[in-house]
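Below is one structure, written out as structure tokens; the observations come after it.
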Amino acid sequence: MHTLELFWMQNRVNDVLDLAKRRGFFWAAYETYGGSAGLYVLGDLGVKLMNNVEELWRDTFVRPHDFVEVDTPSLMPMPLLEASGHVANFKDPMAECLNCHRKYRADHLLSDAGKKIQESLSIEQIKKELTDLAIRCPECGSTSWEVKPFLTMFETRIGPYADNIAYLRPETAQGIFVEFNRLFQIERSRIPIGIAQIGRGFRNEISPRQGIIRLREFHMLELELFMDPNDTKCKYIDEVLKEELYILDERRILQGEMDAVAISIMDALASSIIKTEWLAYFMALSQRFLQSLGVPREKQRFVEKITGERAHYSAQTFDHEVFMYELGWIEVAGHAYRTDYDLTSHMKKTGAEYTASVQLDEPQKVKRRVWSIDVQKLKEREPVRWKEVMKEYSNIKDRTNTPPQSIAGIAVDPSFIIIKEEEVMLQSRKFIPHVVEPSFGGERVMLACLLYAYDIRDKRNVMHLPYRLAPIKAGVFPLVNKLEMEKTAQQIYSKIKKAGIPCIYDDSGSIGRRYARVDEIGTPFAVTVDDRTLQDSTVTIRERDTWKQRRVNQESVVDELLRNSNS
RNA sequence: GCGACGAUCGUCCAGCCUGGUCUAGGACAUCAGCCCUCCAAGCUGGUAACGCGGGUUCAAAUCCCGCUCGUCGCACCA
């Protein structure tokens with residue numbers, strides 16, 4: 001590679017971040033107060049670009065499938081996130097060595113020492129274990145520890161009562177899961193169904209380096225696809241079967257492979273590299289989405305999360321990564337097969353029923369065993385406590401399985417349990433839907449888009465943003481500041497604006513300078529009014545990507561611009 | 001959290017070691033105007049900064065301490 005080219009490659013991210021700040025796409029927040037890591041501001045261009053990214057996402061993932069969209073609160077009460085497993089999984093016990101102040105995951109220290117850990121160990125218990133086992137700091141050998149939980153969710157309180165703890169959501173998905181029943185009913189119990197949400201997620205990262213890559217508050221674009229676990233077909237799968245993805249799957253990772261290989265969706269499904277059709281379909285869409293944002297296919301890959309690295313809710317996860325020059329491979333999306341983990345968890349916690357049912361083609365005869373309690377016999381055995389048993393018994397709705405070992409503390413005894421075999425005609429089949437989830441980080445997608453749009457031509461910055469993503473579609477300039485030219489240019493500007501096309505008017509500095517200014521923010525067209533306009537009503541349209549100009553009648557400028565709205 | 005290094009106009013950099021000459025300089029960007037010109041390059045003028053707090057001193061951008069933030073490394077990263 002040429003030295004100069006190499007130099008430019010190495011500075012691409014910095015150049016783009018610099019441009020983003022200078023022109024108002026985004027920048028680090030609260031600098032006047034000294035700054036606060038992991039928080040970013042989107043400026044006008046950033047807001048417009050993010051909106052366009054979101055619209056493109058809707059056009060890719062939501063609208064073609066008639067999926068629906070919701071907007072749930074960012075604040076979530078603690079019990080909800082306890083049920084989802086986030087409170088347990090986002091609250092790592094951190095052990096700090098009191099001598100050298102290095103920090104470790106306390107559970108890792110214990111398991112390294114060969115100690116089996118229970119999920120439910122309290123902070124005090126962990127501290128006691130560390131002391132009892134005389135575990136030494138791996139760095140300095142000290143045995144004195146301070147154990148504290150580190151919470152990666154932001155904690156707050158709802159209302160005046162201190163015990164009403166809430167968190168800012170670490171993902172938007174939980175809002176969809178807990179509202180599943182109503183959403184499902186509103187959508188007339190269609191299955192499969194996709195429910196989308198665009199919103200903000202919050203994570204209290206320990207040290208959010210890498211600027212806009214790791215944020216404490218960020219845009220999430222999530223879609224939850226609910227499907228029947230016995231009918232996991234995706235009706236759109238044929239459209240993508242031949243598409244190839246670069247995949248690095250778990251098996252190859254465990255073999256020590258580092259490189260992703262191209263494989264078709266068809267083959268990936270046939271060889272079970274991707275476990276379910278919807279997941280494969282969304283991965284293909286995800287690749288297309290990034291392609292339409294300007295990221296070539298070869299600069300994208302899907303890396304499977306190996307067991308143990310995966311989130312607590314996931315049966316299979318692929319990270320969708322984009323090569324971002326100096327930053328290396330950066331995850332822009334996670335594609336997770338969450339099974340029925342979330343709905344089941346919320347059911348257990350709340351007693352609500354998150355189920356769907358499908359009508360069977362023909363009713364089925366099913367034999368099943370049902371157990372019940374013989375009250376008379378129970379009374380004989382437990383003359384005092386039988387009422388307690390019956391009270392708890394009446395809360396057990398599903399009696400088709402084997403009876404529990406004890407009810408209300410009374411050991412279940414065959415002497416008062418009746419087990420009946422019965423035959424029922426089932427008209428429908430009930431199930432807890434399984435969930436497949438593509439989840440994007442908005443800022444990272446936006447950055448990927450800017451990185452691949454960025455180019456330097458004749459020492460000038462040019463952002464080759466696709467038309468639909470460009471925050472500003474056109475600049476309108478009078479060639480020189482003559483009153484009539486300005487007037488005509490202003491008229492054209494108003495006309496474009498009224499047509500709903502974002503555009504700017506600029507008459508300051510030389511024409512070349514103005515072209516340079518709009519090139520840098522990715523504005524695809526410049527409309528220039530010159531002397532000839534005043535004679536024959538034509539203007540020039542100058543294209544950002546070629547710097548070529550053509551003359552069109554000023555009446556047709558809006559049409560010329562609108563012709564590009566799909567590109 | 002630890003360690004190393006750092007923080008000056010919008011941006012990049014100079015000044016700091018050796019305190020005063022700094023009313024903090026330059027370049028690019030930006031703004032007003034001139035020029036009236038199709039690709040940032042001419043001319044005139046303007047706006048604009050020493051991260052925060054404390055100390056030393058007659059005097060602090062400059063020396064010292066604390067804090068905040070940043071970069072990198074360690075650790076962490078459902």
Side-chain angles (χ1 to χ4, degrees), chain A residues 14-15 17-24 27-39 43 81 84-92 94-105 108-109 137-140 146 148 150-153 169-171 173-174 201 203-211 213-216 305 308-314 317 319 331 334 336 338 341 439 457-462 477-483 485-486 507-520 526-532 539-544 546-549 551:
Chain A
N14 276 341
D15 285 358
L17 293 179
D18 180 59
L19 190 156
K21 188 175 179 183
R22 200 158 33 78
R23 298 306 307 270
W27 59 89
Y30 307 136
E31 277 190 334
T32 41
Y33 278 88
S36 180
L39 300 176
L81 288 162
S84 69
H86 284 88
V87 171
N89 286 282
F90 270 71
K91 211 174 202 171
D92 297 327
M94 300 281 290
E96 182 179 349
C97 169
L98 289 177
N99 181 43
C100 69
H101 298 288
R102 279 172 205 278
K103 288 198 166 187
Y104 305 91
R105 283 275 298 269
H108 289 180
L109 286 174
C137 168
E139 283 298 321
C140 73
E146 167 86 37
K148 282 183 207 162
F150 182 80
L151 191 69
T152 39
M153 289 192 292
R169 61 182 173 194
E171 57 172 6
Q174 295 307 324
R203 293 173 193 189
N204 200 359
E205 300 282 355
I206 294 173
S207 70
R209 305 265 173 78
Q210 298 177 291
I213 292 297
R214 253 174 96 195
L215 295 172
R216 288 188 164 128
K305 287 282 207 190
E309 237 180 42
R310 275 198 300 271
H312 58 279
Y313 49 69
S314 169
T317 298
D319 282 349
E331 178 191 352
R338 304 178 72 131
Y341 177 88
S439 165
R457 181 168 178 182
D458 292 357
K459 293 182 184 169
R460 281 161 39 170
N461 295 331
V462 183
F477 312 137
L479 183 62
V480 293
N481 290 333
K482 279 185 187 162
L483 193 60
M485 275 188 205
E486 285 177 40
D507 61 8
S508 96
S510 74
I511 189 72
R513 187 183 294 264
R514 283 175 268 164
Y515 287 148
R517 277 200 281 251
V518 290
D519 279 348
E520 192 178 49
V527 178
T528 307
V529 171
D530 56 16
D531 279 318
R532 226 175 110 186
V539 295
T540 63
I541 291 188
R542 178 257 191 197
E543 290 180 10
R544 172 197 67 198
T546 58
W547 293 6
K548 293 222 172 87
Q549 287 178 308
R551 286 202 89 82

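Throughout, a chain's letter reflects where its sequence line sits, starting with A, and its residues are numbered from 1. In what follows, every heavy atom counts, from backbone to side chain, and hydrogens, waters and symmetry copies are set aside.
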Distance between [atom1] atoms of [N] and [M] (Å, rounded):
N: B/G54; M: B/A14; atom1: P; answer: 29 Å
N: B/C63; M: B/C74; atom1: P; answer: 31 Å
N: B/C67; M: B/G6; atom1: C1'; answer: 15 Å
N: B/C64; M: B/U57; atom1: C1'; answer: 12 Å
N: B/U30; M: B/A41; atom1: P; answer: 9 Å

Kindly give the heavy-atom pair with the smallest separation between [X] and [Y], and that separation in Å.
X: A/Gly512; Y: A/Arg460; value: O-NH1, 4.1 Å
X: A/Ala336; Y: A/Thr317; value: CB-OG1, 3.7 Å
X: A/Val527; Y: A/Ile541; value: CG2-CG1, 4.4 Å
X: A/Asp530; Y: A/Leu479; value: CB-CD2, 3.8 Å

Return yes if the base of [N] and the side-chain atoms of [X] contain a donor-acceptor N/O pair under 3.5 Å, otherwise no.
X: A/Arg542; N: B/C39; result: yes
X: A/Arg460; N: B/C39; result: yes
X: A/Asn481; N: B/C36; result: no

Please classify the nucleic acid contact of [X] as base, sugar-phosphate, or nothing, using heavy-atom distances under 4.0 Å.
X: A/Thr540; value: base
X: A/Asp530; value: base
X: A/Thr528; value: base
X: A/Ile511; value: sugar-phosphate
X: A/Gln549; value: base

Please enumerate all protein N or O atoms sitting under 3.5 Å from an N or O of nucleotides 11-13 of chain B, with distances to 0.1 Å.
| unit_1 | atom_1 | unit_2 | atom_2 | d |
| --- | --- | --- | --- | --- |
| B/U11 | OP1 | A/Lys21 | NZ | 3.3 |

Check: Between CG of A/Asp319 and CD of A/Glu331, what distance do you get to the nearest 0.5 Å?
Finding: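 That separation rounds to 3.5 Å.
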Next item on the list: Assess whether side chain to side chain contact (heavy atoms under 4.5 Å, CB included) is satisfied between A/Tyr515 and A/Trp547, documenting all intermediate values.
Entry: CA-CA 9 Å; A/Tyr515 287 148; A/Trp547 293 6; over 6 Å; no
Next item on the list: Pick out which of A/Arg514, A/Arg542, A/Arg457 makes a salt bridge (charged side-chain N to carboxylate O under 4.0 Å, His left out) with A/Asp519.
Entry: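 Testing each of A/Arg514, A/Arg542, A/Arg457 against A/Asp519, the sole residue satisfying salt bridge (charged side-chain N to carboxylate O under 4.0 Å, His left out) is A/Arg542.
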Checklist line | Upstream residue (5' side of RNA chain B) when A/Val480 and A/Asp458 are each assigned their closest nucleotide | finding: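 Checking each residue's closest nucleotide, the 5'-ward one belongs to A/Val480.
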Item checked: Interatomic distance, A/Asn461 CG vs B/C39 C1' [rounded to whole Å] ->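 Taking atom C1' of B/C39 as the reference, CG of A/Asn461 is at 15 Å.
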Notebook entry, point to check: Among A/Asp507, A/Val480, A/Thr528, which one satisfies side-chain contact (heavy atoms from CB on, under 4.5 Å) with A/Met485?
Noted result: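 Per the side-chain contact (heavy atoms from CB on, under 4.5 Å) rule, the option paired with A/Met485 is A/Val480, out of A/Asp507, A/Val480, A/Thr528.
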Checklist line | Secondary-structure string, 5' to 3', Watson-Crick or G-U under 3.5 Å, | for another-strand partners, for RNA chain B | finding: (((((((..((((......[....)))).(((((.......)))))....(((((..]....))))))))))))....
Notebook entry, point to check: With distance as the sole test, does A/Arg23 use its side chain to make a donor-acceptor pair with the main-chain N or O of A/Arg517 at under 3.5 Å?
Noted result: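 Pair found, side chain donor or acceptor close to backbone of A/Arg517.
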